[in-house]
Amino acid sequence: EVQLVESGGGLVQPGGSLRLSCVYSGFIFSRDWMYWVRQVPGKGIEYVSRIGSDGTSTSYRESVKGRFTTSQGNAENTLYLQMNALKPEDSGIYYCAAGPTACYVGRKCPLWGQGTQVTVSS
């Protein structure tokens with residue numbers, strides 16, 4: 001069964017850090033992209049980051065560059081998003097997804113997790 005399961009969200013103060021995990025199964029990540037996106041209240045789905053199957057081709061939303069890092073685990077089918085220097089504007093429901101370029105637009109990625117909530121607040 002194809003699944004993507006996110007975890008690691010929670011409540012954190014501004015400037016704090018969280019590491020999100022996405023454990024996936026049922027497919028081989030070898031050709032397409034894996035993404036982190038977030039659903040922000042009143043703003044819809046926002047692209048956060050992507051990573052290629054080689055584990056080295058990454059890109060980030062401009063507002064998170066230098067603060068967020070996405071990576072792949074070696075011993076497990078796991079995607080990570082390390083989030084540092086968090087800001088209130090980073091709050092939202094974070095999803096991992098897999099599929100072709102920009103498949104998160106219109107929620108068209110063939111593989112999509114259930115989301116984990118991140119709240120950055122004092």
Is [Y] reachable from [X] through a run of I, L, V, M, F, W or Y residues, each pair having side-chain heavy atoms under 4.5 Å apart?
X    : Y   : value
L111 : L81 : yes
W33  : I45 : yes
V64  : Y47 : no
V105 : V48 : no

Closest heavy-atom pair and its distance - [X], [Y]:
X    : Y    : value
T116 : L20  : CG2-CD2, 4.0 Å
G99  : P110 : CA-CD, 3.8 Å
F27  : Q3   : CE2-O, 4.4 Å
T78  : S21  : CG2-CB, 4.3 Å
I93  : G115 : CG2-CA, 3.9 Å
S91  : V120 : OG-N, 2.8 Å

According to the disulfide bond (SG atoms under 2.5 Å apart) rule, which pairs have a member within residues 2-73, sequence neighbours left out? C22-C96
Show every disulfide bond (SG atoms under 2.5 Å apart) that has at least one partner inside residues 24-63, sequence neighbours left out. none
Starting at [atom1] of [X], measure out to [atom2] of [Y] and round the result to the nearest 0.5 Å.
X    : Y    : atom1 : atom2 : value
T58  : W36  : OG1   : CH2   : 14.5 Å
M34  : R50  : CE    : CZ    : 14.0 Å
Y95  : Q39  : OH    : CD    : 4.5 Å
L18  : F68  : CG    : CZ    : 9.0 Å
Y104 : W112 : OH    : CH2   : 9.5 Å
I51  : S57  : CD1   : OG    : 8.0 Å

Hits for side chain to side chain donor-acceptor pair (under 3.5 Å) against T56, two or more places apart or cross-chain, chain-then-number order -> D54
Side chains of Y35 and S59, donor plus acceptor under 3.5 Å: no
Once salt bridge (Lys or Arg N to Asp or Glu O under 4.0 Å) is applied, do any residues pair with R107, and if so which ones, sequence neighbours excluded? none
What pairs of residues pass the salt bridge (charged side-chain N to carboxylate O under 4.0 Å, His left out) test when at least one of them lies in residues 33-45, not counting sequence neighbours? R38-E46, R38-D90, K43-E46
With the side chain counted from C-beta on, respond yes when Y60 and T70 share a heavy-atom pair under 4.5 Å apart, and no when they do not. yes
Student check: side-chain heavy atoms of M83 and Y94 closer than 4.5 Å: yes
Test log, rule side-chain contact (heavy atoms from CB on, under 4.5 Å), inputs V2 and S25: CA-CA 5 Å; V2 176; S25 62; over 6 Å; no
May I have all residue pairs that pass side chain to side chain donor-acceptor pair (under 3.5 Å) and include part of residues 10-19, sequence neighbours excluded? S17-N84
